Protein chains: 2
Amino acid sequence: MAADSQKKATVSSTVEDYLKVVLKIEDMKQRASTSRVARHLDVADATVTDMLRKLKKVGLLEYKPYYGATLTRKGRQMAVRILRRHRLLEMFLHQVLGYGWEQVHQEAERLEHAVSDLFISRIDALLDFPAQDPHGEAIPDARGFRQVEDDLCLSEAEPGSYSVRKVTNSDPEFLAYLDKVGLRPATRLSLQEKAPFQGPLKLLPESGREPVYLGLEASRSIFVLPLKDRPPASAPLPEGRASQGSVGRPGRGAGKE
Amino acid sequence: MAADSQKKATVSSTVEDYLKVVLKIEDMKQRASTSRVARHLDVADATVTDMLRKLKKVGLLEYKPYYGATLTRKGRQMAVRILRRHRLLEMFLHQVLGYGWEQVHQEAERLEHAVSDLFISRIDALLDFPAQDPHGEAIPDARGFRQVEDDLCLSEAEPGSYSVRKVTNSDPEFLAYLDKVGLRPATRLSLQEKAPFQGPLKLLPESGREPVYLGLEASRSIFVLPLKDRPPASAPLPEGRASQGSVGRPGRGAGKE
DNA sequence: CCCTATTTTTAGATCAGTCTAATAAATTTG
DNA sequence: CAAATTTATTAGACTGATCTAAAAATAGGG
Ligand SMILES: [Mn+2]
Ligand SMILES: [Mn+2]
Ligand SMILES: [Mn+2]
Ligand SMILES: [Mn+2]
């Protein structure tokens with residue numbers, strides 16, 4: 001009964017990347033307009049117009065000309081699947097093959113389209129079902145459920161104590177820099193002051209005694225959790241069951257999608 | 001000096017597969033004719049004619065119309081590189097992710113084009129620089145050197161004692177069957193008789209007491225090493241330093257390519 | 001050496017994904 | 001609100017990889 005209701009419907013890696021970008025834009029509560037999608041994928045606007053029409057035709061998204069795209073249930077499902085693969089692969093590269101957190105993204109961007117479901121389930125088990133990737137981003141589970149991300153953008157934060165939750169930027173240079181100054185997931189830091197007029201933030205990471213001055217723009221890709229205020233560099237994290245960047249706040253209130 | 005003599009010259013995964021097939025055919029001492037290449041890749045002859053002309057133009061092979069292709073130094077180098085990737089990946093899937101030897105080929109066929117050089121060198125080290133893949137085939141080293149394969153095809157062998165060196169067939173069904181009857185690399189066996197008129201071979205693998213009757217055709221993909229004749233199922237292997245299917249006869253007389 | 005069968009190449013098309021340049025719609029602004 | 005600016009679509013073209021059908025070359029058998 002209901003035999004072919006779930007067709008395999010395999011798509012190209014190009015399509016997978018389009019879906020992932022639309023998901024990312026939607027997650028940022030923005031409109032997935034032609035030009036925004038084009039910028040993320042580094043292709044011409046005209047190319048995107050075309051592709052969005054095709055994706056609408058195969059039911060992976062809605063598309064209103066002069067407005068943009070919205071994922072359908074099926075499109076979102078596929079996008080989340082790729083996101084899961086991407087992040088699991090990043091974690092695998094980091095933990096098993098010793099890649100730096102600034103190296104994983106590029107490789108995962110290709111492998112996410114090439115590995116089989118078996119590969120994914122094997123590395124998932126090997127890593128003991130990780131909940132975050134090396135950048136602190138949540139890994140959707142095998143059913144496509146995503147942890148609610150209730151963190152705060154550093155650019156919006158008031159002076160005080162925080163721990164780094166995730167870094168949403170894949171530029172290797174930038175990540176290497178953050179690593180150097182001691183900013184990575186689970187690092188505690190105190191935000192000491194924010195200069196006015198789009199000025200930089202003065203941070204004190206718990207490691208490295210030197211204060212770090214971070215541009216406002218850069219701070220937009222760092223997300224933090226407020227720490228019950230205590231003298232900086234002392235309070236323990238909520239839990240954090242393991243090694244590495246795994247902050248491990250378990251899926252309290254994990255919601256669909 | 002001689003700065004750009006080694007251009008990166010990246011090719012598509014399609015081209016990589018063409019080169020690999022031509023290499024395989026040349027290794028079998030056959031002529032890489034249009035139709036033979038087409039059969040290996042499961043594409044139309046016309047497609048191959050076209051591609052061979054393109055590959056000649058970019059200097060990866062020689063192509064004589066109505067004759068076929070011959071790899072150039074550069075083409076062979078690329079082909080061997082992919083072969084190395086393929087076999088290392090197979091070994092990785094088998095040893096680290098627990099794939100069966102009948103499952104590795106298909107996955108490696110895709111991943112060989114997708115992983116980076118870093119990935120390859122990391123798994124190479126993780127596996128402690130393996131010399132054979134799960135089917136017993138030699139893994140070219142990082143410089144592209146290939147071990148000389150001085151084994152004997154079972155279809156050509158006289159009755160006597162042997163050990164399985166490699167199985168050159170990637171059909172999952174067939175490999176699963178061999179596994180079931182206890183035929184895998186490093187298995188010792190006695191070839192008891194060969195029925196005349198293209199008849200089957202009667203084999204006694206050291207494991208499993210039952211004799212195995214193997215079609216002549218099937219026996220063509222099994223390669224063996226003669227054992228200094230001794231009562232079957234007793235003689236130790238030349239060495240065999242490790243677990244699994246790693247027969248480990250080290251590169252005595254490793255030759256170029 | 002001719003005729004037939006096989007192999008290979010040529011010709012012409014298709015499909016996915018991309019581009020640039022031209023046009024059109026939507027939005028912002030004086 | 002009309003003009004200017006920005007955003008998006010349309011039109012036309014290209015590349016890589018593939019196919020089918022027709023034509024041509026080669027190889028074998030008498
Ligand atoms: Mn990708
Ligand atoms: Mn990540
Ligand atoms: Mn391949
Ligand atoms: Mn193999």
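Everything numeric here is computed off the predicted structure, so don't read it as measured data. Convention: sequence-line order gives letters A, B, ...; per-chain numbering from 1.
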Quiz prompt | For B:Ala138, side chain to side chain contact (heavy atoms under 4.5 Å, CB included) partners two or more places apart | solution = B:Gln147, B:Glu149

Quiz prompt | For B:Asp50, all residues meeting side-chain hydrogen bond (donor to acceptor under 3.5 Å, both in side chains), sequence neighbours excluded | solution = none

Quiz item: Can you tell me how far P of D:dT7 sits from CZ of A:Arg36, to the nearest Å?
Solution: 10 Å

Self-check item: Neighbours of DNA chain D within residues 11-29 of chain B, by heavy-atom distance under 4.0 Å
Solution: B:Ser12, B:Thr14, B:Tyr18

Quiz item: Can you list every salt bridge (charged side-chain N to carboxylate O under 4.0 Å, His left out) pair that touches residues 29-42 of chain B, not counting sequence neighbours?
Solution: none

Exercise. Using side-chain hydrogen bond (donor to acceptor under 3.5 Å, both in side chains) as the criterion, list what pairs up with B:Glu137, not counting sequence neighbours.
Key: B:Arg87

Quiz item: Excluding sequence neighbours, so at least two apart, what forms salt bridge (Lys or Arg N to Asp or Glu O under 4.0 Å) with B:Lys194?
Solution: none

Table of protein N/O atoms under 3.5 Å from nucleotides 24-29 of chain C N/O atoms:
residue	atom	partner	partner atom	Å
C:dA25	O4'	A:Tyr66	OH	3.3

Quiz prompt | Distance-minimising heavy-atom pair for B:Pro185 and B:Gly136 | solution = CG-N, 3.8 Å

Anything under 3.5 Å between a donor and an acceptor, one on a side chain of residues 105-115 of chain B, the other on a protein residue two or more places apart or in another chain? List them.
residue	atom	partner	partner atom	Å
B:His105	ND1	B:His86	NE2	3.1
B:His105	ND1	B:Glu90	OE2	3.4
B:His105	NE2	B:Glu109	OE1	3.3
B:Glu107	OE1	A:Ser116	OG	2.4
B:Glu107	OE1	B:Tyr99	OH	2.7
B:Glu107	OE2	A:Ser116	N	2.8
B:Glu107	OE2	A:Ser116	OG	3.3
B:Glu109	OE1	B:Lys20	NZ	3.1
B:Glu109	OE2	B:Lys20	NZ	2.8
B:Arg110	NH1	A:Ala114	O	2.1
B:Glu112	OE1	B:Lys20	NZ	2.8
B:Glu112	OE1	B:His86	ND1	2.8
B:Glu112	OE2	B:Lys20	NZ	2.8
B:His113	ND1	B:Glu16	OE1	2.6
B:His113	NE2	B:Asp17	OD1	3.1
B:His113	NE2	B:Asp17	OD2	3.4
B:His113	NE2	B:Glu109	O	3.1

Quiz item: Between C:dG17 atom P and A:Asp42 atom CG, what is the distance in whole Å?
Solution: 17 Å

Quiz prompt | Residues that A:Glu102 engages under side-chain hydrogen bond (donor to acceptor under 3.5 Å, both in side chains), provided they are two or more places apart | solution = none

Exercise. Could you list by number each residue of residues 43-59 of chain B showing a heavy-atom separation from DNA chain C of less than 4.0 Å, or answer none if no residue does?
Key: B:Asp45, B:Ala46, B:Thr49, B:Arg53

Practice problem: Could you pull out all residues at least two apart from B:Asp179 that satisfy side chain to side chain contact (heavy atoms under 4.5 Å, CB included)? | Solution: B:Trp101, B:Arg184

Practice problem: List for me each residue that meets side-chain hydrogen bond (donor to acceptor under 3.5 Å, both in side chains) alongside A:Glu217, sequence neighbours excluded, and say none if there are none. | Solution: A:Arg220

